[in-house]
Amino acid sequence: MSAPTSASNSTSFDWLYRGTTEIFPDQPESEDPSQNLTQRLIQSDRPLRVKLGIDPTGTDIHLGHSIPVRKLRAFQDAGHTAVLIIGDFTARIGDPTGKSEVRKQLTEAQVKQNAQTYLEQLRPVLDFDTPGRLEIRYNSEWLSKLDLSKILELLASMTVGQMLAKEGFAERFGQESPIYLHEFLYPLMQGYDSVAVQADVELGGTDQKFNLAVGRDLQRLFNQTPQFGLLTPILIGTDGVQKMSKSLGNYVGLSEDALTMYSKLEKTPDDQLITYFELLTNLPLDTLPENPRDRQKQLALEVVTQFHGADAATQAQKDAQNLVAGATGAADNVPEFSLSTVEFPVPIFYLVSASGLCKSSGDARRQIQGGGVKLDGEKVTDVNQKFAQADELTGRILQMGKKKFVRLIP
RNA sequence: GGGUCGGUGCCCGAGUGGUUAAUGGGGGCGGACUGUAAAUCCGCUGACUACGUCUACGUUGGUUCGAAUCCAACCCGGCCCA
């Protein structure tokens with residue numbers, strides 16, 4: 001799984017190959033800088049322009065989205081120019097990749113706002129500060145100006161057969177589900193982005209291969225040196241099975257708070273651990289702890305540090321441990337519930353519901369019957385157990401499950 | 001516009017006149033267990049201070065002792081034809 005650090009090109013280009021699935025074109029033995037990216041990096045007398053496009057179609061991005069962005073950062077750190085393209089124009093069409101449905105159209109305002117939050121979330125990942133290392137471009141800048149003759153030129157560069165070879169199209173065509181003509185324009189527009197910014201390299205997930213290849217074709221058409229394509233893996237989600245995606249709920253969002261992030265990463269499935277380290281951190285892979293549990297913790301700590309800083313990360317680790325251990329010891333942070341809001345005598349189930357530990361009194365009854373409610377650490381067994389006076393309860397701690405506590409006050 | 005199928009609880013999806021608060025799965029919440037808030041196993045999963053009452057099967061009416069189930073109109077969606 002880890003990138004082979006072969007003897008020939010070791011040391012200096014580890015950053016390039018770490019977590020890289022494929023680079024094309026790629027002729028390892030060749031010294032031709034148009035066929036071998038490391039040769040290009042060595043021989044070039046200027047920083048390369050490394051393109052990554054993001055379509056601001058939603059509001060949140062997750063660790064899966066951050067993979068190619070991290071690679072972009074690696075290029076920045078090696079002295080190259082990151083060209084981050086905000087696909088404000090393309091977002092309104094939607095990339096058919098991997099989608100069985102036509103994406104719903106977004107309004108201009110939505111797209112604009114999404115773009116803002118995206119940049120905000122990417123701030124910890126990219127180098128925004130070093131002069132000359134980051135160029136942010138909106139592709140409406142050139143795409144909205146294309147006139148019909150130019151569009152025809154783009155369209156004429158490709159055949160229907162080639163287009164239908166693309167994964168998403170092939171499936172949909174086979175299933176006789178609709179493919180709208182404007183969707184054919186998407187790969188061409190993304191490719192044209194490469195022309196517009198004169199990209200030397202374009203990054204993308206493995207599902208982007210087709211689109212990156214179109215970029216090469218179009219650059220050739222416009223007499224530019226075709227870009228290299230560099231593909232990064234699709235990150236598996238926290239469930240360890242399916243790709244990370246918001247709709248599957250197996251994601252870790254870049255804007256999540258430290259504790260949430262830590263808690264999710266701390267239980268990364270064992271067989272995904274190395275991959276996560278490889279793709280989400282820069283830690284050397286041969287010095288990881290032996291114990292898988294320790295690996296999980298280190299991974300969580302490391303990634304949270306990237307987004308929230310070291311202090312917040314260690315705090316999150318502590319908080320997470322306390323939560324699991326049971327928080328009765330750390331009684332300081334327990335919310336309070338005033339008994340003055342209930343009428344006595346009060347049955348225990350009502351108390352559990354009224355204090356907000358359960359969403360309804362029916363739920364409270366069931367939880368008590370299921371053995372999930374404790375008073376001062378002692379399991380409550382009788383749903384209808386009654387308390388006549390407030391002082392019977394004052395100062396005691398009511399607990400629901402492992403994580404929800406309430407201190408009863410007058 | 002015509003035809004046809006369908007709209008069920010957080011989601012998916014059974015149920016086609018009477019123990020139906022409504023099978024099953026997912027998700028969620030508890031319990032046990034564990035290196036984990038993982039995996040596995042078990043329980044719960046409409047509301048109400050509750051042996052009863054109320055609200056629920058797209059909407060509104062109707063038939064019936066009784067309907068999510070039958071009828072009518074309307075709204076929304078899929079597919080087919082134009």
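Residue numbering restarts at 1 for every chain, and letters A, B, ... go by the order of the sequence lines.
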### Task
Quick one: label A/Glu343 by what it contacts on the DNA or RNA (base, sugar-phosphate, nothing), any heavy atom closer than 4.0 Å.
base
### Task
Determine the Euclidean distance between corresponding C1' atoms of B/rG62 and B/rG17; express it in Å to zero decimal places.
15 Å
### Query
How is A/Pro347 classified with respect to the nucleic acid when contacts are heavy atoms under 4.0 Å: base, sugar-phosphate, or nothing?
base
### Task
Flag yes if more than 12 heavy atoms outside A/Gln113 fall under 6.0 Å of its CD atom; otherwise flag no.
no
### Task
Identify whether any heavy atom of A/Gly401 sits under 4.0 Å from a base atom; if not, whether one sits that close to sugar-phosphate; answer base, sugar-phosphate or nothing.
sugar-phosphate
### Secondary structure of RNA chain B in dot-bracket form (Watson-Crick or G-U wobble, distances below 3.5 Å, | marking inter-strand pairs)
((((((((.[[[..)..(.....]]]((((((.......))))))(((...)))...[[[[[..)....]]]]]))))))).
### Message
Under 4.0 Å, heavy atoms only, any strand: does A/Lys297 hit a base, just the sugar-phosphate, or nothing?
### Response
nothing
### Query
When the P atoms of B/rU40 and B/rG26 are considered, how many whole Å apart are they?
10 Å
### Task
Determine the Euclidean distance between corresponding P atoms of B/rC65 and B/rG58; express it in Å to zero decimal places.
24 Å
### Query
Can you tell me if A/Gln219 and A/Arg216 form a side-chain donor-acceptor pair at under 3.5 Å?
no
### Task
Give the rounded distance in Å between these two atoms: CZ of A/Phe405 and P of B/rG30.
11 Å
#### Entry: Phosphate contact (B/rA37 OP1 or OP2) by A/Ser263 side-chain N/O below 4.0 Å
no
### Query
How would you label the contact of A/Asn291 with the nucleic acid (heavy atoms, under 4.0 Å): base, sugar-phosphate, or nothing?
nothing
### Message
Mind checking if A/Ser360 touches a base, just sugar-phosphate, or nothing, with heavy atoms under 4.0 Å?
### Response
sugar-phosphate
### Query
Are any non-hydrogen side-chain atoms of A/Arg49 and A/Asp200 less than 4.5 angstrom apart?
yes
### Task
Find out whether A/Leu235 and A/Ser66 are in side-chain contact, i.e. whether some heavy atom of one side chain is under 4.5 Å from a heavy atom of the other.
no
### Query
Does a side-chain N or O from A/Arg366 land closer than 4.0 Å to OP1 or OP2 of B/rG31, or not?
no
